[in-house]
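What follows is a single structure, written as structure tokens, with notes after it.
By convention here, the first residue in the shown sequence is residue 1. This structure is a prediction, so every number in the text was calculated from the model and none was measured.
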Amino acid sequence: MRPNVPSSTSSSAALPVSAAPVATAKSDWSTLARLFPYLWTYKWRVIAALAFMVGAKLANVGVPLLLKNLVDALSLKPGDMNAILVVPVALLIGYGALRLSTSLFAELRELVFAKATEGASRSISLEVFRHLHAMSLRFHLERQTGGMTRDIERGTRGVHSLISYSLYSIIPTLIEVTLVLTLLAVKFDVWFAWITIVALVFYITFTITVTEWRTQFRKKMNEMDSTAHSRAIDSLLNYETVKYFNNEEFEATRYDENLEKYRRAAVKSQTTLSLLNTGQQLIIATALVTMLWRATQGVVDGRMTLGDLVMVNAFMIQLYIPLNFLGVIYREIKQSLTDLEKMFTLMEREREIADTPGAKPLQLDSATSVIFENVTFSYDPSTTTDLGRTILHNVSFAIPTGKTVAVVGPSGSGKSTLARLLFRFYDVQQGRILIGGQDIKQVTQASVRQAIGIVPQDTVLFNDTVEYNIAYGKPGATRAEVEEAAKAAHIHDFIASTPKGYDTMVGERGLKLSGGEKQRVAIARTLLKNPPVMIFDEATSALDSANERAIQAELKGVSSNKTTLVIAHRLSTVVDAHEILVMGAGRILERGNHTALMVANGRYAQMWALQQSGEPLGA
């Protein structure tokens, strides 16, 4: 549960401190309301589990009643023949049957409800996973993987804990308390019920108050745990960078700082837990002594039998044993609600890039032209009027069906942004982008991305086999199709030369492969996808000259009948493009084919001369 932080409005600031629990309770109930539909999918199992739970508690309450009758029946004089009949029949059969019924109903409840618990957990986890993949690129660039995965892990575990503690502990205890109080008030004087009620009120009030106070330490523990986990994951993912700068000890020190903060919060949490347990035991002991004193007095006065005393004692033991764990249960439920709410909040986070209501799939027949029409874009939408921070300024160009347009220019000129916008990782603030004459904002994102194949500048592979990574471009592709794509990308021979061939594991993010090998795998999987629109974002930047020329020839053949956008730094790779756009500071400075641009003797000709002389392009 998120802490109650007052808003900046005066009305919120004026709320008294006592209003905080109300907001907290509302948040708890709203979280439970979000969880309920997932469980209600298995409504018959829920109803059956509740019925078994009530049966278990009825049997449990029946045990002290039977004990009372047995004790009273055993109040016989020595040698009385009735004793032979009472003991075997009542004790062995009746008591055993009730005890067995209690366990049987409890196990049936868990057996019936297991499918509902696991089903709800599976549904929520799958929904979170789908939602994360539906989030925008901006969200994934800003997130901390370690902390987010920790929140999801705790949220999923919270579903199990919440259901387990509420259905198997809280609700059964409430049922048993109600039954016991009713029996005590009806069978004996009302004081037994009042003593129990007062003890319960003190116990629950003390438990909730102290647990609420302790929540801050548990939250601090979770924060430190997530931060430490994030730093550890980030450090391990950047293992090579850590080694390059000899910063193993620096990383260990940073990690240890968070572990130390976690340790302090954990010690504080344990100290306050001991205080909670001590206070609970004091309240329970006081109540038990008071109840037994009154029952003993009743036996002495002749108002109660010895069996009544045994029954009251058995009731109190049965009632207070689960209450002993109320602090732990309440804390775990609160923590589960907090974890679950974090996950639900993540699920409720609005998608920055969403399909318009009623959006239809992109329709592509023979026309696959791409048009950028007066596109202005900033990664921060609030800065589109600030020309110093806008990435693209009123950019317009067209890629006719089956043609290739190349974009060149220095780093930071906005070249890669064009690919991100075409792939609809972001939406333009002004202007529009058309594929086949259709505004990509008006059709489904899935259909747009299905129509585009991209070889990115920075290739990241899955920690799986080479075959899996190539086949990712076309799930379900045969080995023959994978090998054909690998041959086209000039990587088949390399794969075949390895001991495990296409079953070779590429490692985390493909780190077992060289930069050129990773890029050729990326080219292979894009060729396997075989989309009508292709994007090559510095697709051969990590290749040596020989392989670059070979793959350039292959890419040229593959893209001959496709609408292709090539983003390049090496001008020699785009000389055959139908049109070349020279960009600078988010604007198109020049356009034309290689020959026309060289004749114009402008920016492109200067860049060509620099590269031919071996000098790098300026920023």
Side-chain angles (χ1 to χ4, degrees), residues 137 370-380 383-384 386-400 403-426 428-431 433 452 454-459 519 533-543 545 548 552 555-556 559 563-619:
L137 178 62
V370 173
I371 299 174
F372 278 67
E373 191 175 276
N374 302 317
V375 170
T376 297
F377 173 76
S378 170
Y379 285 107
D380 182 355
T383 64
T384 52
D386 180 359
L387 299 183
R389 299 179 66 185
T390 300
I391 306 300
L392 298 177
H393 302 269
N394 201 34
V395 171
S396 296
F397 66 91
I399 310 175
K403 301 296 182 181
T404 298
V405 169
V407 182
V408 299
S411 299
S413 59
K415 304 188 302 296
S416 293
T417 299
L418 295 174
R420 289 180 171 184
L421 292 176
L422 181 58
F423 216 74
R424 213 182 161 199
F425 280 149
Y426 300 93
V428 300
Q429 283 93 38
Q430 296 176 25
I433 301 173
I452 301 173
I454 184 169
V455 179
Q457 182 176 1
D458 183 20
T459 300
Q519 207 152 26
V533 179
M534 302 281 274
I535 301 174
F536 299 116
D537 186 359
E538 303 282 2
T540 59
S541 60
L543 302 178
S545 299
E548 180 182 29
Q552 278 295 335
L555 293 180
K556 183 179 177 181
S559 60
T563 305
T564 307
L565 173 65
V566 178
I567 297 167
H569 188 72
R570 300 179 192 173
L571 304 187
S572 59
T573 63
V574 298
V575 293
D576 295 324
H578 296 90
E579 185 178 31
I580 300 172
L581 308 178
V582 182
M583 293 194 67
R587 292 181 170 84
I588 297 177
L589 305 178
E590 296 175 356
R591 64 175 73 205
N593 59 30
H594 174 72
T595 303
L597 290 173
M598 290 299 292
V599 170
N601 198 29
R603 183 67 177 270
Y604 180 84
Q606 294 173 6
M607 294 165 61
W608 179 268
L610 283 173
Q611 288 196 358
Q612 292 301 306
S613 66
E615 295 183 34
L617 292 178

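- In summary, of the residues considered (Leu581, Val574, Val395), a side chain to side chain contact (heavy atoms under 4.5 Å, CB included) with Val407 occurs for Leu581 alone.
- Annotation: the span from Met583 atom CE to Arg591 atom CZ amounts to 10.0 Å, rounded to 0.5 Å.
- Note: Ile399 CD1 to Thr563 OG1 = 7.0 Å, rounded to the nearest 0.5 Å.
- Counting heavy atoms from C-beta on, the side chains of Val370 and Leu565 never come closer than 4.5 Å.
- Here the closest heavy-atom approach between residue Glu373 and residue Ser396 is recorded as C-OG, 3.7 Å.
- At a cut-off of 3.5 Å, with distance as the only test, no side-chain donor of Thr376 or Asn394 sits close to an acceptor on the other residue.
- At least one side-chain heavy atom of Ile433 sits under 4.5 Å from a side-chain heavy atom of Leu422.
- Contact annotation: the side chain of Tyr604 approaches that of Leu571 to within less than 4.5 Å [non-hydrogen atoms, C-beta and beyond].
- Contact check for Trp608 versus Val575: side-chain heavy atoms found under the 4.5 Å cut-off.
- No donor-acceptor pair closer than 3.5 Å links the side chain of His578 to the backbone N or O of Val405.
- Of all the heavy atoms in Ala398 and Ile371, the pair that sits closest is CB-CG1, 4.0 Å.
- At least one donor-acceptor pair closer than 3.5 Å links the side chain of Lys415 to the backbone N or O of Gly409.
- A 4.5 Å side-chain heavy-atom check between Leu392 and Leu418 finds at least one atom pair inside the cut-off.
- Note that the CZ atom of Arg420 and the CD1 atom of Ile535 stand 12.0 Å from one another [nearest 0.5 Å].
- For the atom pair CG of Asn601 and CD of Gln606, the computed distance is 7.5 Å after rounding to the nearest 0.5 Å.
- Glu590 contributes no side-chain N or O that, together with a main-chain N or O of Leu597, makes up a donor-acceptor pair within less than 3.5 Å.
- Annotation for Ala406 and Ala577: closest pair CB-CB, 3.8 Å, computed over non-hydrogen atoms.
- Using cut-offs of 30° and 60° for the angle between ring planes, the Tyr426 and Phe377 rings count as tilted.
- For Gln429 (side chain) and Ser378 (main-chain N/O), a donor-acceptor pair under 3.5 Å exists by modelled atom type.
- The nearest pair of heavy atoms linking Asp537 to Ser416 is OD2-OG, 3.1 Å.
- Residues His594 and Ile580 are in side-chain contact: their nearest non-hydrogen atoms beyond the backbone lie under 4.5 Å apart.
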